[in-house]
Amino acid sequence: MTRLIQFEWKKMIRTKFYILFLLLSVLFVSGLFLRNFLLQEEIVNKKIEKFSEYRKDILSQVVTYQKMMEDFPSPELEEKIEAGLLVYRALNQLIESIEDGNWKEELQYEIQVYELAMDYKKIEGQFKLSEKDMQKEIQLNEELLKRGLAKEDLDLSINPPIFLKKIVTFFFHTFGFLILLFLLTIYITREFEEHSIQIAFTLPVSKSRYIISKFLSLFSAGFIWWIAIFGVSYLLTTLFGTSQENSLVYPLFTQSGNFLDIGDYLWQAIGYSILFLSFAISLLVFFGFLLRNTIVTSLLVFVLLIGNHLVLREDITALFNPFSYQQIDFIILKEPTYYSMGLVVIFCATVITLIFTILLNKRRGI
Amino acid sequence: MNTFRFECKKLRKKKTTWLAFFITLIGIIGFYLFHLSVAEKIHQKNIAWLDYLSQMFASNAETAALDKKKAEEAGDTEKAEEFHNMMVSFQKSSENAKQDKEYFANEEWTYLIEEDIRSLEPLIEDSAFSAHYIEDQPISMFTVRATLEEKQRLQKYDIVPFIQNTTYTNYLPTIYDDFSGSTLEEWEKITERYGRFGFYFLYQLIQSYFLPIIVLIGVFLFGNGISSESGKKKKGLHFYATLPFSKGRLFFAKYASGLLYTLGFTFMMLLTPIVTSLFFKGVGSLKYPVLVYDGSEPSPYGSHYNALDPKNDTFHFIELQDYFLKVLFFSIILVIFLYSCYFLLSLFIKNPGINIILLGSMTFVGMKFFPKVYNPFTYVDIHKIITREIATIQFNPAIEYQTGMILLFVVSLIITFISYRFFAHRNRLFQ
Amino acid sequence: MAILSVSNLSKSYKKHLVLDEIELTIDGPGIWALVGPNGTGKTTFLNVITNILPADSGTVEMLGKSNKDPSIFKQVSFLQDNSILFDYLTGYDHLKYVCDVNQIPKTRVQEVAEYVGMENYLHKLVGNYSLGMKQHLLLAMSLVNHPKLLFLDEPLNGLDPTSSILMRKILRELADQGTTILLSSHNLAEIDRVTKQILFLKDGKLIEKDLSEHEITFYHFIVSNQTKAMELLSDKYETDNIPNGLKVQLSNHQLNTVIDLFKEHQIDIFDIEKEVTGSEKLYQEIFEVGEES
């Protein structure tokens, strides 16, 4: 078996495409890290810009009310002006704390801003954010204060776990898997198309062993891709990124509005991505050995994954549908309770697919 | 011509061509059925919601009636009148909800559209009346205006609308809306449209990049004419090398046959949702109005200050049939363009998987991230070109349908010429 | 006008020189065999002269026209290896297309299929053909245009004895009808049976030899007393024991001497069979190959 896998690897390395893909993926991760690294100052600017915008909005409302007050004074207007000014002042303090880089104060002032803004909205003042969003932000900030963590920009952060989460959303979804599968298809089907599979079928190796070794070699190729992506991301962020103590307990909102530690998120992402990789490759082996044609196999895998992607887009997930796990970020945040059972489902789906591949090919000739 | 016919025969006789054709066909039919089931589910949900509302109001009315009775017995006439008014109001709401439920259940869209128009008209007539809100964020005036005109057109031609995830006004989302956070999610949810009819479904598919995806599948199937025969184990090209005709003709026979099949494949796939819908809900109206933005005036202080004006920017509608006609002509050019690109790539790389990854990435990255007049990939998102969405967002009226057609065609010609020169060079046609 | 004229033809792959300033002129009809060990460039030579591969230098003319003029293939054919066939088409599809591009009526398809003996599987998919059937199809394809000059790359590969006999018969017939044939092969025994004109390809050069000058004739005798016959002949001639008889290298006039000798010693001759060889010996000499290798 080891020798068969070695031979498969040799073929993959000789054709260069896989190596090139690996390099491109690593380059892409590095590029993404470099971009985030260079845009670190931008995070502060973005925040200041956002809150300055709110401040400008509130100020212009207050000025209008004050003008109206001059012509038609009323206690309601006075109340609005007062509430508006409170929001305005809180926003000023918030912006100052951001500029000072004092994250604790920043979180506290942000909470204050939203609380005041909600009061302001109650008396028909206008504030850009909806109450729901503000409540959510307050909840997050309180949780962060409790855990002693600064707020991270989920898009631009170079904190290791946050950047790894970004990598998960970037690579481990329908399209990321599809690109990998498109690349690997040829390592099964071309041998049928060029009849070199005959060599394998005349070796003293059973078909089932051959199929398993093919699966294992392709899976190891996928796994090495996985390691390269995660490894480079981890290495870059650990060496050059920013780190916080306890950053593994950074809270993430699930779709139902609860918190999930980023450590748990990454743990789930690791489990799901490795197992879904194995399922996707078992599917490729199944269709590859069944159809024995590059184009049709790729197309069928494409139709299957895209079809399920469209189903997921309608928010339809099912614990026992292995394809529900192709959008890893989505499934973790939507159904965090699926985890252990989800792994069992994907694992079983992989094994069943492989068994079917072996059974279907047992009596089939070349 | 003989070689062209022979190449066509080769494509036709490949079992894999047919297998791939049927897989794509089944994929599209499956998606249509799924989409239809989601639409029906949402429709039923809307009916159930109205039913719930009607019952809730009725029960509130009953409670109010009881309270009224109690107040009357207690001799509190003021309270009794208050409860009476509440009861009447709840009864009316219950009746309305019941009526709406009936309209929804019987699909009597005319009444529902009329209701929408009635609720939208005052917003236009008195802009100081402000707009509707989703949660706390206002719906842009542009959206309100466009929605109203859309409804009026639906009313005028008696057109069945799309299904939406709301029992209130079915807004037409536009680029002028600026929602954020949970409001944006809510807005997207209630303005997501589900077409149950063939034409409507196709219209939505085109908005979801159906055309480039289908063309890419087409070129993946039929664009390997030369690359698949120039391998070390398959030397089909050597077969032609010793036949008495110029190898330039071979290039064009291979190019044209693949192109013809890609075109045929694309049109068949475009027709699939329409034909499938005949067995279910029908094709729908070709008069359905499609919103086209007229664009916004650029700021005199420079592009940095450009901003859309929801109150004054204009728009117009075209009919779905005109939209489809444009899509049809465009698909011919898009097929030529993507096919030429793939053909050129396949002269260098013999692995169709790699070629399609490269071309697919190029197409989607070019389309999404670089919306420039002279970027041919900008025009791949044909929906946003016909509706002038990209032109409006970019404040660049030059990004338009005709420019796209001409640009794509010219670039295709150049790429084809490069492919020919490369093929000729490799096969020493000019020695 | 030379039928095939190759002048100063060179071709190398990277630094490896495969064809080195080759000169060759063939003036009239007949069969020429291109012989050389694996990897010496026989297929490359045929591919270069038919312009499938570009030459580094030199010119090739066929029937008075440059090999770069595709119209020469109206009178020239090349039987290549079967990787040029399309598995998902039938034999008929291939032949009809070759007819079409040569502007020859479709009736020729049936004619040529019958001629090479493939009418039974003409309408089957090539993917289901055996190696020999594919060779028949390739031969049929190269005969469609009644070629004046015919190149064949390993035409005897994968053929059963019946097909080999048929192939040899067809080649001889074509040569008799005025076709010039250049074929490459490893099968020296088969070559001996079709031609005496051999082109050895060695170190990128062609060595032209007429086999009739190097012909060696063996006679197989089946006799009543093999031991005695062996004793009589082994001193004078190269003699070998073969199953049921003796194999003796003799010239034509020596044969009568041997028959007389057997009569003299009352040895009855039951059968005599003649075997002419030469190419193998020549091959061994040219490529310096020993028996043991």
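First the proteins, then the strands, lettered A, B, ... as listed; each starts at 1. Below, each value reflects all heavy atoms present in this structure, side chains not excepted, and no hydrogens, waters or symmetry copies.
- Interface remark: A/Ser130 contributes backbone and side-chain atoms alike to the contact with chain B (heavy atom separation under 4.5 Å).
- The most heavy-atom pairs under 4.5 Å with chain B, out of A/Leu181, A/Leu300, A/Leu304, A/Val296, come from A/Val296.
- Chain B forms the most heavy-atom pairs under 4.5 Å with one residue out of A/Leu299, A/Leu183, A/Val303, and that residue is A/Leu299.
- For chain B, the nearby part of A/Phe302 is the side chain; its heavy atoms alone come within less than 4.5 Å.
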Would you please test B/Lys281 and B/Glu40 for salt bridge (Lys or Arg N to Asp or Glu O under 4.0 Å) and show each step? CA-CA 11 Å; B/Lys281 279 283 184 183; B/Glu40 290 298 342; 3.6 Å; yes

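- Nearest approach of B/Phe220 to A/Ile295, heavy atoms of both residues: O-CD1, 3.3 Å.
- If you measure heavy-atom distances from B/Ile28 to chain A, you find no contacts under 4.5 Å at all.
- In this structure, B/Phe369 has its ring center no closer than 6.0 Å to that of B/Phe364.
- Only the side chain of B/Ile356 comes within contact range of chain A, with at least one heavy atom under 4.5 Å from a heavy atom of that chain.
- For A/Asp133, the parts lying under 4.5 angstrom from a heavy atom of chain B are both the backbone and the side chain.
- A/Ile138 is listed as a side-chain neighbour of A/Met118, based on a closest heavy-atom distance under 4.5 Å.
- Because its NZ or CZ atom is not both nearer than 6.0 Å to the ring centre of A/Tyr187 and within 45° of the ring axis, A/Lys214 does not count as a cation-pi partner of that residue.
- Using a 4.5 Å cut-off between heavy atoms, A/Ile186 contacts chain B through its side chain alone, with no backbone atom that close.
- Ion pairing between a basic and an acidic side chain is recognised when a charged N comes within 4.0 Å of a carboxylate O; A/Lys128 and A/Glu53 show no such pairing.
- Within the 4.5 angstrom heavy-atom criterion, only side-chain atoms of A/Ile316, from C-beta onward, approach chain B.
- The candidate with the highest count of non-hydrogen atom pairs below 4.5 Å against chain A, out of B/Val38, B/Thr183, B/Ile217, is B/Ile217.
- Within 6.0 Å of CZ on A/Arg313 lie no more than 12 heavy atoms contributed by other residues, nucleotides or ligands.
- Proximity to chain B (any heavy atom under 4.5 Å) is restricted, for A/Gln126, to the side chain, taken from C-beta onward.
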